[in-house]
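Heads up: the structure comes next, in structure tokens.
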Amino acid sequence: MKILVINCGSSSIKYQFYSLDESRILAKGIVEKIGMKGSFLKHEKESGQKVLFEGEILDHKIGIEYILGILSSAKHGCIASLDEINAVGHRVVHGGEEFSESVLITEEVIQTLEKFIELAPLHNPPNLKGIYAIKALIPDIPQVAVFDTAFHHTMPQHAFMYAIPYALYKKYGIRRYGFHGTSHRYVSNRACEILGVDPKTVKVITCHLGNGASACAVKYGESVDTSMGFTPLEGLIMGTRSGDIDMGAVSYIMDKEKIGTKSASVLFNKHSGLLGITGISSDSREIYAGAEKGDERCKLAIKMFDYRIKKYIGAYAAAMGGVDVLVFTGGIGENSATTRVGICEELGFLGIEIDKQINKESRGAEQIISKEGAKVKVMVVPTNEELMIAIDTQNIVYDKN
Ligand code: ADP
């Protein structure tokens with residue numbers, strides 16, 4: 001069975017084409033700069049050979065036409081005709097309170113997703129564009145939506161509510177939804193698989209640390225709390241997002257700087273976080289390089305980043321009444337041994353102790369990095385949201401659940 005996984009961003013489309021029965025990725029790639037000058041498609045064949053196509057990719061539909069074109073092309077493709085695609089799985093950021101798991105996309109589902117544009121104005125519109133494009137180009141192929149929010153549906157109400165007038169929750173759905181759910185689900189399950197334990201028997205904290213970052217408390221296989229909230233702005237310090245901040249400071253800045261809600265949103269989403277503190281970069285590698293050269297603000301940003309995560313680990317251990325497994329994933333979590341040390345320092349009282357040598361050698365691969373005999377298994381598990389989307393899509397389309 002061949003499944004095309006699509007992740008549409010505002011100006012990009014990432015894709016992976018799976019033959020799940022054979023555990024193969026037949027091709028993958030990215031369309032970038034949609035609607036801008038210099039748009040292109042970068043395609044990678046199963047052999048690793050890369051092909052670049054430059055062209056006028058004015059919208060998402062044209063981008064998907066390019067992808068379908070190359071997948072079925074005689075020279076660079078891997079299928080003789082588009083009929084060989086059995087299903088398409090889409091990453092959809094916001095599933096609101098409606099979707100607690102992945103769903104087959106029907107007209108009714110599309111209507112509901114249109115409604116959720118209000119909740120995720122930056123993310124859901126491009127996701128929908130991808131769905132519409134596939135519907136127009138290969139209408140007979142079933143499509144599945146896999147939501148970033150779905151895994152967090154198990155959060156209890158006392159964890160997802162904000163302490164604001166209850167009427168606002170009822171009226172506008174203001175509550176914690178959480179994001180990165182597909183990643184937290186994948187890495188928590190995969191960690192248990194590696195350890196040979198049943199997820200229903202352990203308390204796991206997952207830290208997805210990339211440009212966007214979030215932590216999740218996974219108790220007995222279910223998300224019971226997560227750091228991102230109504231939007232992906234809350235919680236950990238991120239590349240360009242502030243994470244937690246006193247709302248009083250927000251209104252104060254808006255008053256003093258005489259800015260409205262749109263500019264404030266740009267300030268806290270795009271100019272804050274690691275970039276805001278260092279004034280240099282949102283990329284952790286550049287910040288570590290700056291710190292090595294003695295840049296005080298880079299050093300401070302690293303400390304703040306690690307400290308915020310440490311606090312969440314403590315909070316989630318308390319929320320779950322303990323922790324058995326701690327998982328690091330995302331570009332920083334998977335690759336930066338220094339960050340993992342910075343976070344885990346002084347967490348020995350929880351049973352979190354890292355083997356410094358194993359940790360140092362662990363980069364981008366599955367690895368247990370805790371000390372032999374330590375109470376908590378600390379692990380690096382590279383995330384694989386695309387695989388999760390492909391599996392969900394196959395299960396739903398072929399009713400394999
Ligand atoms: P996104 O949220 O955009 O998917 P990623 O998961 O790719 O982001 O993470 C991006 C972050 O990961 C950047 O801060 C980058 O510096 C960091 N990163 C990526 N590779 C490495 C590496 N080899 N060593 C240290 N940090 C890395």
Side-chain angles (χ1 to χ4, degrees), residues 5-16 28-33 42 91 93 120 122-123 126-127 146 148 178-187 190 206-216 226-228 231-243 269-293 295 297-299 301-306 308-309 327-343 359-367 369 380-389:
V5 173
I6 287 182
N7 179 355
C8 284
S10 57
S11 64
S12 72
I13 308 170
K14 291 186 196 143
Y15 63 95
Q16 293 207 5
K28 62 182 174 185
I30 186 164
V31 176
E32 285 195 71
K33 297 197 169 181
K42 218 189 306 173
R91 175 193 184 206
V93 168
L122 299 178
H123 295 103
N127 299 160
V146 179
D148 271 26
F179 299 88
H180 284 149
T182 310
S183 175
H184 291 298
R185 173 161 64 113
Y186 174 77
V187 297
R190 181 72 195 130
T206 48
C207 299
H208 179 114
L209 312 176
N211 277 318
S214 69
C216 183
T226 191
S227 58
M228 284 177 167
T231 74
L233 182 54
E234 194 183 351
L236 306 181
I237 294 171
M238 312 183 209
T240 60
R241 296 185 198 132
S242 63
N269 276 293
K270 304 258 184 226
H271 298 288
S272 297
L274 296 175
L275 175 65
I277 303 157
T278 61
I280 291 179
S281 173
S282 61
D283 190 299
S284 70
R285 282 166 292 195
E286 288 175 27
I287 296 166
Y288 273 108
E292 273 193 17
K293 284 189 204 129
D295 186 303
R297 271 160 59 186
C298 288
K299 289 186 198 168
I302 292 166
K303 277 207 168 137
M304 290 170 66
F305 182 83
D306 296 352
R308 179 80 53 90
I309 298 162
V327 184
F328 289 107
T329 194
I332 302 172
E334 291 165 26
N335 292 296
S336 176
T338 321
T339 303
R340 295 188 298 253
V341 169
I343 295 165
N359 177 53
K360 204 169 158 190
E361 288 159 9
S362 168
R363 184 169 277 254
E366 292 175 348
Q367 180 71 52
I369 57 169
V380 174
V381 180
T383 195
N384 198 340
E385 290 156 290
E386 292 79 10
L387 176 62
M388 206 73 285
I389 295 171

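Remember, it's 1-based here, ligands and their atoms both numbered in the order they're listed.
Close to ligand 1: Gly212, with a non-hydrogen atom less than 4.0 angstrom away. For Glu286, the closest heavy-atom approach to ligand 1 does not fall below 4.0 Å.
Side-chain contact of Gln367 with Ser362: a donor-acceptor pair under 3.5 Å is absent, judged by distance alone.
Rounding to the nearest 0.5 Å gives a distance of 6.0 Å between NE2 of His208 and OG1 of Thr383. With rounding to the nearest 0.5 Å, the separation of CD1 in Ile332 from OG1 in Thr338 is 11.5 Å. Rounded to the nearest 0.5 Å, atoms SG (Cys207) and NE2 (His180) are 12.0 Å apart. Rounding to the nearest 0.5 Å places NZ of Lys303 at 13.5 Å from CD1 of Ile277. A distance of 8.5 Å separates NE2 in His271 from OG1 in Thr240, rounded to the nearest 0.5 Å. Separation of atoms OG1 (Thr226) and NE2 (His184) is listed at 4.5 Å; rounding is to 0.5 Å.
For atom 22 (C) of ligand 1, the choice among Leu274, Ile332, Asn335, Leu209 with the nearest heavy atom turns out to be Asn335. The residue from Gly333, Gly331, Ser281, Gly239 that puts a heavy atom closest to atom 12 (O) of ligand 1 is Gly331.
Atom 14 (O) of ligand 1 has Ser284 N, 3.0 Å as its closest protein atom, hydrogens excluded (heavy atom only). With respect to atom 8 (O) of ligand 1, the closest heavy atom belonging to the protein is Asn211 N, 3.2 Å.
Under the 4.0 Å criterion applied to side-chain N and carboxylate O atoms, Asp283 and Arg285 are assigned as salt-bridge partners.
Only the side chain of Arg363 comes within 4.0 Å of ligand 1, counting heavy atoms alone; its backbone N, CA, C and O stay farther away.
For ligand 1, the polar-atom distance check against Arg285 finds a nitrogen or oxygen pair separated by under 3.5 Å. Inclusion of His208 in the set of residues having an N or O under 3.5 Å from an N or O of ligand 1 is not warranted.
Per-residue contacts place Asp283 under 4.0 angstrom from the following atoms of ligand 1 (heavy atoms of the residue considered): 14 (O), 15 (C), 16 (O).
Distances from atom 3 (O) of ligand 1 to the protein include at least one heavy-atom value under 4.0 Å.
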